[in-house]
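What follows is a set of notes on a single structure, which appears directly below.
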Amino acid sequence: MYGVAIGIDTGGTYTDGVILNLETQEVVNKAKARTTREDLTIGISECINNLSLPNPNDVGLVALSTTLATNAIVEGKGCEVGVILIGHDPIKELPVKNYVSVSGGHNIKGKPVQKLDIEATKKALKSFEGKVDAIAISGFLSIRNPEHELKVKELVHEILGLPVVCAHQLTTSLGFHERTVTAALNARLIPIITELIQSVKQVLLQKGINAPIMIVKGDGSLMGEEVAVEKPIETILSGPAASIVGATFLTTIEDAIVLDMGGTTTDIAMLKKGIPKVNSEGASVGGWLTRVEAAEVYTYGVGGDSYLQIDPKDKKLVIGPRRVWPLCYVISKYPYLKQELFQAKKIILDLLNNQKSDCFIYLKEPNGNGSQLSSKEREILDLLKDGPHSILYLSKKIGTDPNFLPVERLENLGAIARISVTPTDILHVAKDYNLWSKEGASLGVQLLADQMGMSEKEFAKMAMDEIVNKIALAILQSLVNIEGKNCRIEKDYGCNIFLDKVLGRGKRHTFNCSVELPNPIVAIGAPVQAYLPKVAEKLNAHLIIPSNSEVANAVGAATGKVVQTAQVLIKPGSEGGFIVHLPWERKSFMELEEATKFAMESSREWVRKSALRAGASDPNVMVEKEDVYSKTATSWSDEVYVETRITATAVGKPKWSYDMPGKTNKVFVLD
Amino acid sequence: MANFEELSNAVIAGNEAKVKELTQKAIDEGVEAIDIINEGLIPGMTVVGTRFKAGEMFVPEVLMSARAMQGGMELVKPLIADTDMPSAGTVVLGTVKGDLHDIGKNLVGMMMESAGFKVINMGVDVSAEKFVEAVKEHKPQVVALSALLTTTMPAMKDVIELLKEEGLRDDVKVLVGGAPVSQDFADEIGADGYAPDAASATDLVKSLLG
């Protein structure tokens with residue numbers, strides 16, 4: 001064995017692990033364990049146990065993609081945080097109890113509006129003593145001049161000595177409230193992520209692994225533990241990002257549309273040069289809009305377990321967004337349901353909210369507030385305890401019209417689950433899948449087909465077409481959004497004229513219309529083999545379905561790069577001259593040329609250092625400059641100078657615990 | 001029955017004395033104040049707007065019409081309870097910091113008022129902070145910014161950025177205008193709309209709020 005990386009992804013249900021040989025680009029081994037939400041380390045430890053580990057000394061890197069931060073925010077967990085606001089009162093509710101606002105802050109040009117009130121700050125910090133475990137600092141327009149935030153940070157070190165982070169270090173975007181929320185949530189997560197890293201280290205040490213730990217960020221890149229404990233908020237929404245990066249590693253393609261089809265949803269994202277496109281407005285978690293740049297992922301309610309319904313009004317097939325259990329799966333376990341569904345065939349009946357093919361299965365006794373059951377609900381639950389039953393069986397037993405059977409609330413309480421015809425059943429009927437009961441799937445499909453006056457075969461073909469169209473539309477919609485357009489193409493009458501032609505569902509052919517996707521579609525997830533070839537054909541796109549795609553997320557963790565960026569803004573000063581707004585200071589210059597030179601040089605050095613600190617070895621630095629001029633409507637001058645935007649990016653492979661001999665460059669870096 | 005057409009024509013002609021006289025006459029006859037506005041004064045100004053856009057009327061004439069209309073409005077306004085005043089929305093309007101140009105912006109204000117908007121005219125040389133204060137106080141649907149110099153155009157971006165920092169950007173539509181301003185510039189600084197002249201500004205506001 002030559003040198004491997006371990007990638008681990010703690011997902012909602014499973015913790016996936018892979019051992020990756022980066023020299024040969026092979027997945028050496030993969031394993032799964034159940035995610036233990038109460039203590040993620042248990043699941044991680046089990047997952048590592050299930051991977052048959054090579055010689056521990058061969059492991060050069062352990063990379064972890066974790067939902068820990070996301071979950072903690074959603075569940076309101078974390079330590080007590082004190083927030084110092086500078087120059088502005090909180091605009092809306094903050095995710096903390098302890099905050100004080102002191103005078104200070106800057107204007108849009110980065111000039112101080114008021115002097116920072118040092119005495120008030122000291123007093124505020126002393127009042128936090130013993131009450132909080134971490135401090136967040138957020139100043140008004142600190143992104144245009146961070147001097148006040150930095151001064152307060154010094155005071156925190158002097159007076160409290162607690163972990164502290166400034167808002168301007170987490171984001172350079174406008175929005176005082178969102179920055180404050182980002183900094184406050186970040187501070188809240190510090191002890192949680194520190195503990196996770198410590199316990200994972202313990203687990204690894206027990207196995208004799210002494211490799212650096214890297215954590216996946218929401219944009220799919222990696223950071224080392226030193227940075228992770230400072231900026232834990234950057235790990236939010238890293239799951240989908242890791243899948244995207246993993247998918248590209250498995251295919252070695254750098255520009256692609258990545259599509260991940262699961263049971264409930266289909267996620268679509270765009271990948272450029274091996275890096276997912278990020279959402280510049282910031283990621284939203286647990287109802288808090290942050291300024292954290294996470295991968296821009298579009299989610300659609302179509303998956304292998306989507307509920308297939310026939311709209312009672314226009315007799316059209318509706319796919320999802322609800323998730324149900326596939327009939328074929330449940331019938332393979334409870335064959336007697338076949339008899340119940342067969343009975344349903346003979347009954348002529350119009351259902352509004354349910355399908356004749358619907359069955360229900362008992363999950364658990366409901367508990368908690370508002371879970372008092374009506375007598376009929378109780379009766380249903382008791383009937384289902386002996387095993388799943390069809391809706392018609394239940395309504396006959398209870399003596400209620402199936403339209404009035406009170407199942408919805410039981411479903412919402414999580415006491416029972418619905419079983420019905422799903423895309424997975426269609427695949428069984430179409431013989432694309434042969435996992436579970438084809439007979440069961442076929443019975444359900446017949447019930448729906450009867451309602452539409454179709455044969456089983458016709459219905460299956462129609463449903464296949466609709467699912468394919470739905471996925472194709474999801475891809476087009478995502479691309480429209482990625483181009484910055486807000487249009488819902490499916491709801492737009494004009495768009496539909498052309499979409500019908502693109503999807504081949506139009507009736508007349510006075511003109512034809514087709515689209516072409518310049519980038520390939522990389523598809524991962526169990527059902528993509530069945531649908532995506534047809535989708536790609538309709539969209540004239542090149543399709544790639546990589547092997548090992550079910551562990552793409554863990555692969556993504558192991559193959560991520562360290563990426564650090566800095567955004568610098570040069571703006572015209574109000575009295576002539578130019579102002580450079582760097583992430584760490586503000587500086588004035590007389591000439592634009594001089595300002596640009598300074599900005600480019602210092603940001604280059606800064607990102608290089610940041611990348612090294614985040615665990616990169618030998619990062620590659622690029623500095624891009626964009627001078628923004630705008631056209632004017634005057635005769636005396638054509639253009640007006642708006643600003644100069646400089647983006648410095650350092651990209652490097654993570655440092656290993658030892659140097660790999662030879663061809664290292666080929667291994668990690670995708671671009 | 002009041003002669004609304006005559007009133008409208010007086011507005012178009014920019015005859016302030018005549019407008020006042022006809023408005024007073026209608027009030028004395030017991031015509032509803034709202035009807036005087038909606039059927040006499042506003043239709044007159046609408047014609048002015050259309051003709052101005054088509055190049056058939058010029059700035060001085062439009063200013064006279066607007067003043068004539070104002071004359072009529074002053075008589076009618078006291079008769080209407082504030083809540084009954086027809087209002088298509090509130091607009092905060094001003095010329096940006098460092099810029100002292102007034103007339104074009106006032107023309108826009110008058111045209112918008114004539115179209116039923118409540119206009120808060122902030123004057124000239126208005127700082128980004130002042131605009132933000134006005135947005136907090138008046139809760140307008142629209143902020144309209146004017147600049148007549150290429151050197152003050154960047155101040156429009158400052159206003160938009162400060163609104164963003166204050167978390168108010170999504171609450172208002174930002175409109176930019178003035179001789180050197182272009183659609184390209186409006187797009188670049190993230191404004192919601194650009195209007196080349198006063199009549200189009202009113203139409204634009206209507207369509208943005210529509």
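Letters A, B, ... are given to chains in the order of the sequence lines, protein chains preceding strands, and every chain is numbered from 1. The analysis underlying the following values was restricted to heavy atoms, covering all of them including side chains, and did not include hydrogens, waters or symmetry mates.
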Practice problem: Check each atom of B/Lys164 against the heavy atoms of chain A and say whether the ones under 4.5 Å are side chain, backbone, both or neither. | Solution: both

Quiz item: Considering only heavy atoms, which portion of B/Glu166 lies under 4.5 Å from any heavy atom of chain A: side chain, backbone, both, or neither?
Solution: both

Practice problem: Identify the heavy atoms of B/Ala179 and A/Ala633 that sit nearest to each other, and give their distance. | Solution: O-CB, 3.4 Å

Quiz prompt | Closest heavy-atom pair and its distance - B/Ser182, A/Ser630 | solution = OG-OG, 4.2 Å

So does [X] have more than 12 non-hydrogen atoms from other groups sitting under 6.0 Å from [atom1]?
X: B/Lys97; atom1: NZ; answer: no
X: A/Met600; atom1: CE; answer: yes
X: A/Glu626; atom1: CD; answer: yes
X: B/Glu32; atom1: CD; answer: no
X: B/Leu209; atom1: CG; answer: yes
X: A/Tyr99; atom1: OH; answer: no
X: B/Lys118; atom1: NZ; answer: no
X: B/Glu56; atom1: CD; answer: yes

Quiz item: Any donor and acceptor pair, going by atom type alone, linking the side chain of B/Glu165 with main-chain N or O of A/Leu141 inside 3.5 Å?
Solution: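 Yes, the answer is positive, given that a donor and an acceptor are paired below the 3.5 Å cut-off.
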
Indicate yes or no: at least one non-hydrogen side-chain atom of [X] is less than 4.5 angstrom from one of [Y].
X: A/Tyr641; Y: B/Thr150; value: no
X: B/Asp184; Y: A/Tyr629; value: no
X: A/Thr632; Y: B/Phe185; value: no

Quiz prompt | Best-contacting candidate, A/Ile108, A/Ile143, A/Asn107, A/Val642, against chain B by heavy atom pairs under 4.5 angstrom | solution = A/Ile108

Quiz prompt | Partner chain B: residue of A/Arg144, A/Lys92, A/Glu178, A/His177 with the largest heavy-atom pair count (under 4.5 Å) | solution =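 With the most close heavy-atom pairs to chain B, the winner is A/Arg144.
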
Quiz item: What residue in B/Lys157, B/Arg169, B/Met153 has the most heavy-atom pairs under 4.5 Å with chain A?
Solution: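 Greatest number of close heavy-atom pairs with chain A: B/Lys157.
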
Practice problem: Assess whether salt bridge (Lys or Arg N to Asp or Glu O under 4.0 Å) is satisfied between B/Glu161 and A/Lys571, documenting all intermediate values. | Solution: CA-CA 13 Å; B/Glu161 289 186 342; A/Lys571 299 198 108 207; 3.2 Å; yes

Self-check item: A/Arg645/B/Glu188 salt bridge by N-O under 4.0 Å criterion
Solution: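 Looking at A/Arg645 together with B/Glu188, the answer is yes, because their closest N to O distance falls below 4.0 Å.
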
Quiz item: Given the rule in the side chain to side chain contact (heavy atoms under 4.5 Å, CB included) test, do A/Lys631 and B/Gln183 qualify, once you have shown the distances and angles that lead to the verdict?
Solution: CA-CA 8 Å; A/Lys631 286 198 179 64; B/Gln183 183 66 52; over 6 Å; no

